[in-house]
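Being a predicted model, the structure only gives us computed values, none of them experimental.
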Amino acid sequence: MRQSKLFIKTRRETPSDAETKSHKLLIRGGYVKQITSGVYTYLPLGWKIVKKIINIIREEMDAIGGQEILMPSLTPASLWEESGRWEGFGDDMFRLTDRKGRRYALAPTHEEVISEIARTFVRSYKDLPQIWYQIQTKFRDEPRPRGGILRVREFIMKDSYSLDASWDGLDESYALHREAYKRIFSRCGLKFLVVKASTGVMGGKESEEFMVLSEAGEDKLAYCDNCKWAANVEVAPVVDRGERIELKYENSEMVFTPNVKTVEEVCAFLGIEPKYLVKSLIYITDEEPVMVLLRGDHEVNETKLASILKNPRMATYDEVLDLLGVEPGFVGPVGVKIRKIADNSVKYMKGFVTGANKKDHHLIGVSLDEIEDVEFYDIRSVSEGDMCPNCGESLSIRNAIEVGHIFKLGTRYSESMGVYFTDREGDQRPVIMGSYGIGPGRIMASAIELYGTENSMVWPRSISPFDVHIIDIAMDGDEIYEMLQNAGFDILWDERQESPGVKFNDADLLGIPLRVIVGKHWKEGKVEVQDLWKGESRILNKGNLINYLKENS
RNA sequence: CGGGGCGUAGCGCAGCUUGGUUAGCGCGCCUGCCUUGGGAGCAGGAGGUCCCCGGUUCAAAUCCGGGCGCCCCGACCA
């Protein structure tokens with residue numbers, strides 16, 4: 001392709017609202033254009049990359065027996081009401097009404113539609129297993145889109161769904177996907193990790209995420225530099241080290257702490273560190289209100305809480321006042337009758353400070369035996385320096401981009417939506433399902449986060465928009481262009497009337513990893529070839545060019 | 001949803017505090033000349049609902065009120 005004909009507009013200046021590396025490069029290189037918050041157009045260059053990524057995904061999905069389908073984005077409310085996710089998705093779902101007043105959702109994911117298809121066509125164990133997939137646009141009304149293309153409200157996703165007759169079958173389908181995903185991300189040139197994750201609104205038994213470590217990532221991973229063990233902090237278990245935390249008080253007593261509410265304020269007021277505090281959080285559940293006790297320097301993990309309590313949510317200010325007669329900030333466990341669950345770390349605390357359940361007062365020197373009926377669980381998030389559950393070394397917390405997520409759904413949708421098959425014995429049994437997602441746009445952004453800067457990029461060969469970039473400084477590259485095209489390369493030929501500086505800077509933005517420069521050596525019939533991945537550059541006779549490129553691509 | 005910032009030419013910004021010619025600058029764009037190994041030079045030119053609505057005023061990009069949009073941090077979420 002002649003670059004003068006290619007519709008890309010690179011920019012000299014980075015737009016002021018771009019923050020992450022990938023966002024800046026994507027805009028500066030003319031790969032994408034934002035239309036509104038969290039909604040982007042892929043311009044020719046960006047789209048070419050996404051198409052390459054999608055092709056890799058397709059090949060690997062087909063290789064595990066996946067069959068491609070295309071489901072609609074416009075989906076009736078009734079389907080979502082059956083599964084309970086019309087409410088479950090809440091404000092994250094784009095909803096609309098047609099002229100007759102019927103309600104629809106723009107699908108944020110497709111378990112419900114798959115279930116609808118499966119329940120009409122899957123009748124017998126002989127129809128199973130199945131893997132169906134699609135590459136299609138998803139809509140999620142994110143409260144806050146960010147990072148350019150990293151978190152958006154409309155995005156392409158490859159989603160696949162496995163249907164099995166047995167749990168063993170699900171394990172196999174899941175394993176097939178797990179391996180296919182590893183091949184996909186490797187082929188796209190990413191460095192990634194597979195980590196245990198939370199199932200969230202998808203529901204189901206267990207899930208794993210495919211993560212690319214990056215500062216720009218929004219997920220947090222507990223990561224062990226020593227043994228490489230990693231898990232999403234939402235589910236990473238805390239190893240109970242039995243760390244004793246003790247303040248020397250003879251007896252507990254009440255102290256006057258006027259208007260001192262937060263952990264920081266209490267610490268500053270009393271001149272102690274947060275770890276000597278027990279903070280008390282009130283949660284409302286489907287069954288009862290619960291007091292959650294944590295060390296002052298720890299953070300509650302709501303994913304873990306949700307595995308112990310039914311639908312926990314933090315109580316509002318008024319609810320706390322109502323329940324305990326004291327405002328949040330002075331709440332404490334002593335003498336309180338409601339159910340109390342504490343993090344394991346609280347077991348080893350003595351002489352601690354906590355709220356007195358009286359306005360402007362705290363208790364100091366409290367010990368556990370003053371608190372009735374406490375249950376202990378792992379309910380806090382791991383933090384920097386906690387112990388690796390695998391090797392015992394210290395963990396660090398790293399940001400990561402979620403590029404894929406695989407779920408063992410089980411019967412969550414087949415039971416609620418009536419997806420049953422007849423087994424060998426003639427009995428009706430629910431189909432066992434799995435669901436598996438990949439974000440091609442995030443793969444593209446991740447590659448930039450890994451290999452780019454705000455003015456330059458080197459694309460992995462497999463997803464590069466072109467194979468070779470001819471930078472024609474001599475303005476005489478026709479022969480080379482034709483030669484390489486005839487040899488089967490996908491070429492971008494910069495034959496524009498521009499100064500060398502412009503051409504090289506644009507080339508840096510485009511990131512095509514092989515460059516042929518027709519320039520000052522051309523009068524001797526030589527060109528310069530640069531391999532950006534190897535960091536190599538050499539001057540070759542034009543006759544040797546094709547061989548060199550074939551050997552190096 | 002809480003906190004912060006921004007909205008003036010395609011892009012990046014100044015002007016606004018203290019209202020007053022024809023609203024500026026850089027980049028980009030168009031024409032011509034020139035230049036060709038790292039965003040060149042000279043000359044000429046086009047391009048604006050100053051986010052929107054209302055108010056104050058002889059006069060509003062500028063002051064006041066309301067709204068909308070976008071970005072960042074947090075909450076939330078795959």
Undergrad: Write down the distance separating the P atoms in B:G38 and B:G15, rounded off to the nearest Å.
TA: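 So the two P atoms sit 36 Å from each other.
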Undergrad: RNA chain B: A:G148 or A:F504, which has the more 5' nearest nucleotide?
TA: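 Final value for this comparison: A:F504.
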Undergrad: Could you please name the partner base of B:G19, counting Watson-Crick and G-U wobble pairs only when both distances are under 3.5 Å?
TA: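 Looking at the geometry, B:G19 pairs with no nucleotide.
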Undergrad: Among A:K24, A:R28, A:R12, find the one that has a side-chain hydrogen bond (donor to acceptor under 3.5 Å, both in side chains) with A:N455.
TA: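 Testing A:N455 for a side-chain hydrogen bond (donor to acceptor under 3.5 Å, both in side chains) against A:K24, A:R28, A:R12 leaves exactly one candidate, A:R28.
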Undergrad: Please indicate whether A:E81 has more than 12 foreign heavy atoms, meaning atoms of other residues, nucleotides or ligands, lying under 6.0 Å from its CD.
TA: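 More than 12 heavy atoms, drawn from other residues, nucleotides or ligands, come within 6.0 Å of this atom.
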Undergrad: Closest to the A:P15 side chain: B:G12, B:C76, B:A78?
TA: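 Nearest to the side chain of A:P15 among the choices is B:G12.
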Undergrad: Check this one for me: any side-chain N or O of A:S16 less than 4.0 Å away from OP1 or OP2 of B:C11?
TA: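 Result: no.
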Undergrad: Describe the nucleic acid contact of A:V403 in one word from base, sugar-phosphate, nothing, applying a heavy-atom distance below 4.0 Å.
TA: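 Result for A:V403 = nothing.
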Undergrad: Is A:G519 touching bases, backbone alone, or none of the nucleic acid, heavy atoms closer than 4.0 Å?
TA: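 Base contact - A:G519 has a heavy atom under 4.0 Å of at least one base atom.
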Undergrad: Report yes if a side-chain nitrogen or oxygen of A:R144 is closer than 4.0 Å to either non-bridging phosphate oxygen (OP1 or OP2) of B:C73; otherwise report no.
TA: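 Checking A:R144 against B:C73: at least one side-chain N or O falls below 4.0 Å of OP1 or OP2.
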Undergrad: Say we look at B:G37 and B:C27: how far apart would their P atoms be, to the nearest angstrom?
TA: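 Straight-line distance between the two P atoms is 22 Å.
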Undergrad: Should the pair A:D343-A:R295 be classified as a salt bridge under the 4.0 Å nitrogen-to-oxygen rule?
TA: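 No, no charged N to carboxylate O under 4.0 Å.
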Undergrad: Please determine whether any donor N or O and acceptor N or O are separated by less than 3.5 Å between the side chain of A:R28 and the base of B:G39.
TA: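 Check passes, donor-acceptor contact within cut-off.
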Undergrad: Over all strands shown, is A:S198 touching base, sugar-phosphate only, or nothing at heavy-atom distances under 4.0 angstrom?
TA: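 No contact.
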Undergrad: Starting at CD of A:E528 and ending at P of B:G38, how long is that distance when rounded to a whole Å?
TA: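 Atom-to-atom, A:E528 to B:G38, this comes out as 12 Å.
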Undergrad: Between B:A78, B:C70, B:G10, which nucleotide gets closest to the side-chain atoms of A:T36?
TA: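 It is B:C70.
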Undergrad: For B:G44, which nucleotide in any strand shown is its Watson-Crick or wobble partner with both distances under 3.5 Å?
TA: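 Base-paired to B:C30.
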Undergrad: Taking CZ from A:F210 and C1' from B:A78, how many angstroms apart are they, rounded to a whole number?
TA: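 To the nearest whole Å, that distance equals 14 Å.
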Undergrad: A:E234 has an atom CD; how far is it from atom P of B:A75, in whole Å?
TA: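 Spelled out: CD on A:E234 to P on B:A75 is 12 Å.
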Undergrad: Classify A:L509 by what it touches in the nucleic acid, base, sugar-phosphate, or nothing, heavy-atom distance under 4.0 Å.
TA: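 Touches a base.
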Undergrad: Choose from B:C72, B:G38, B:C70 the nucleotide whose nearest atom is closest to any side-chain atom of A:N505.
TA: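 When the side chain of A:N505 is considered, B:G38 is the closest of B:C72, B:G38, B:C70.
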Undergrad: Is the shortest side-chain N to carboxylate O distance from A:E206 to A:K408 below 4.0 Å?
TA: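 Yes, A:E206 and A:K408 are salt-bridged.
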Undergrad: Quantified in whole Å, what is the P atom distance between nucleotide B:G24 and nucleotide B:C64?
TA: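 After rounding to an integer number of Å, I get 25 Å for this pair.
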Undergrad: When we call it a touch if two heavy atoms are under 4.0 Å apart, what does A:E19 touch: a base, just sugar-phosphate, or nothing?
TA: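 Counting heavy atoms under 4.0 Å across all strands, the contact made by A:E19 is with sugar-phosphate only.
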Undergrad: What nucleic acid atoms does A:I517 come within less than 4.0 Å of, heavy atoms only: base, sugar-phosphate, or nothing?
TA: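 Base contact - A:I517 has a heavy atom under 4.0 Å of at least one base atom.
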Undergrad: Is A:F155 touching bases, backbone alone, or none of the nucleic acid, heavy atoms closer than 4.0 Å?
TA: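 The residue A:F155 makes base contact.
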Undergrad: Select from A:V502 and A:M475 the residue whose nearest nucleotide in RNA chain B is closer to the 5' end of that strand.
TA: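 In this pair, the answer is A:M475.
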Undergrad: If you only use heavy atoms from C-beta on, which nucleotide in B:C71, B:U36, B:A75 is closest to the side chain of A:I473?
TA: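 So the side chain of A:I473 is nearest to B:U36.
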Undergrad: For B:G39 and A:T10 - does any side-chain N or O of the residue sit under 4.0 Å from the phosphate oxygens OP1/OP2?
TA: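 Indeed not, no polar side-chain atom of A:T10 lies that close.
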Undergrad: Indicate yes or no: does A:K261 engage A:E327 in a salt bridge with an N to O separation below 4.0 Å.
TA: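 Salt bridge present between A:K261 and A:E327.
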Undergrad: Any ion pair linking A:R146 and A:E218 (charged N to carboxylate O, less than 4.0 Å)?
TA: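 A salt bridge is present here (some side-chain N lies under 4.0 Å from a carboxylate O).
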Undergrad: Pick the C1' atom in B:C42 and in B:A59, then give their distance to the nearest Å.
TA: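 About 42 Å, rounded to a whole number of Å.
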Undergrad: Would you kindly give the CZ-to-P distance between A:R496 and B:A40, to the nearest whole Å?
TA: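 Rounded to whole Å, this separation is 12 Å.
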Undergrad: Counting just side-chain N and O atoms, does A:R12 come under 4.0 Å of either OP1 or OP2 of B:G28?
TA: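 Checking B:G28 against A:R12, a side-chain N or O does come within under 4.0 Å of OP1 or OP2.
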Undergrad: Hey, is A:D508 close enough to A:R515 for a salt bridge, meaning N to O under 4.0 Å?
TA: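 So A:D508 pairs with A:R515 through a salt bridge.
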Undergrad: Between B:U36, B:A40, B:A78, which nucleotide has the shortest distance from any of its atoms to the side chain of A:S499?
TA: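 Within the option list, the nearest is B:A40.
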Undergrad: Could you give the NZ-to-C1' distance, from A:K33 to B:C70, as a whole number of Å?
TA: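 Checked: the NZ to C1' distance equals 11 Å.
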Undergrad: Grab the CG-P distance between A:L409 and B:A78 for me, whole Å please.
TA: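 Nearest whole value for this atom pair: 13 Å.
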Undergrad: Would you mind classifying the nucleic acid contact of A:G147 as base, sugar-phosphate or nothing, using non-hydrogen atoms under 4.0 angstrom?
TA: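 Sugar-phosphate contact only.
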Undergrad: Expressed in whole Å, how much space separates the C1' atoms belonging to B:G41 and B:C34?
TA: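 Here B:G41 and B:C34 have their C1' atoms 7 Å from each other.
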Undergrad: Answer with base, sugar-phosphate or nothing: what part of the nucleic acid does A:H23 contact at a heavy-atom distance below 4.0 Å?
TA: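 Touches nothing.
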Undergrad: Using 4.0 Å as the upper bound for N to carboxylate O, is an ion pair formed by A:R313 and A:E319?
TA: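 Yes, A:E319 and A:R313 are salt-bridged.
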Undergrad: Please give the distance between the P atoms of B:G2 and B:G66 as a whole number of Å.
TA: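 Between the two P atoms, the distance is 15 Å.
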Undergrad: Of the candidate nucleotides B:C11, B:A78, B:A75, which contains the atom at the shortest distance from the side chain of A:M157?
TA: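 Closest nucleotide to the A:M157 side chain: B:A78.
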Undergrad: What is the base-pairing partner of B:C6, counting Watson-Crick and G-U wobble geometry with both distances under 3.5 Å?
TA: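 The base-pairing partner of B:C6, which may sit in any strand shown, is B:G69.
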Undergrad: If pairing requires Watson-Crick or G-U wobble contacts with both distances under 3.5 Å, which nucleotide is the partner of B:U35?
TA: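 Result: none.
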Undergrad: A:S414 and A:T411: side-chain donor and acceptor closer than 3.5 Å?
TA: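 There is no such pair (donor and acceptor under 3.5 Å, judged by atom type) between the side chains of A:S414 and A:T411.
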Undergrad: Taking the C1' atom of each, how far is B:A9 from B:A23, in whole Å?
TA: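 That atom pair is separated by 11 Å.
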Undergrad: Looking only at side-chain atoms of A:D506, point me to the closest of B:C70, B:G39, B:C11.
TA: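 Per side-chain heavy atoms of A:D506, the pick is B:G39.
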Undergrad: Give A:Q497 one of three labels, base, sugar-phosphate or nothing, depending on what nucleic acid heavy atoms sit under 4.0 Å from its own.
TA: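 It contacts base atoms.
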Undergrad: What distance, rounded to whole Å, do you find between the two C1' atoms, one in B:C16 and one in B:G20?
TA: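 The same atom, C1', in both gives a distance of 14 Å.
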Undergrad: The side chain of A:R442 is closest to which nucleotide in this list: B:G10, B:U36, B:A78?
TA: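 Of the options given, the side chain of A:R442 lies nearest B:A78.
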Undergrad: Is there a donor N/O on one and an acceptor N/O on the other, under 3.5 Å, for the side chain of A:E13 and the base of B:G28?
TA: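 It does not, because no donor-acceptor pair links the side chain of A:E13 to the base of B:G28 below 3.5 Å.
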Undergrad: In whole angstroms, how far is the P atom of B:U35 from the NZ atom of A:K520?
TA: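 In whole Å, B:U35 P and A:K520 NZ are 20 Å from each other.
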Undergrad: Could you state the atom-to-atom distance from CZ of A:R153 to C1' of B:C70 in whole Å?
TA: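 In whole Å, B:C70 C1' and A:R153 CZ are 11 Å from each other.
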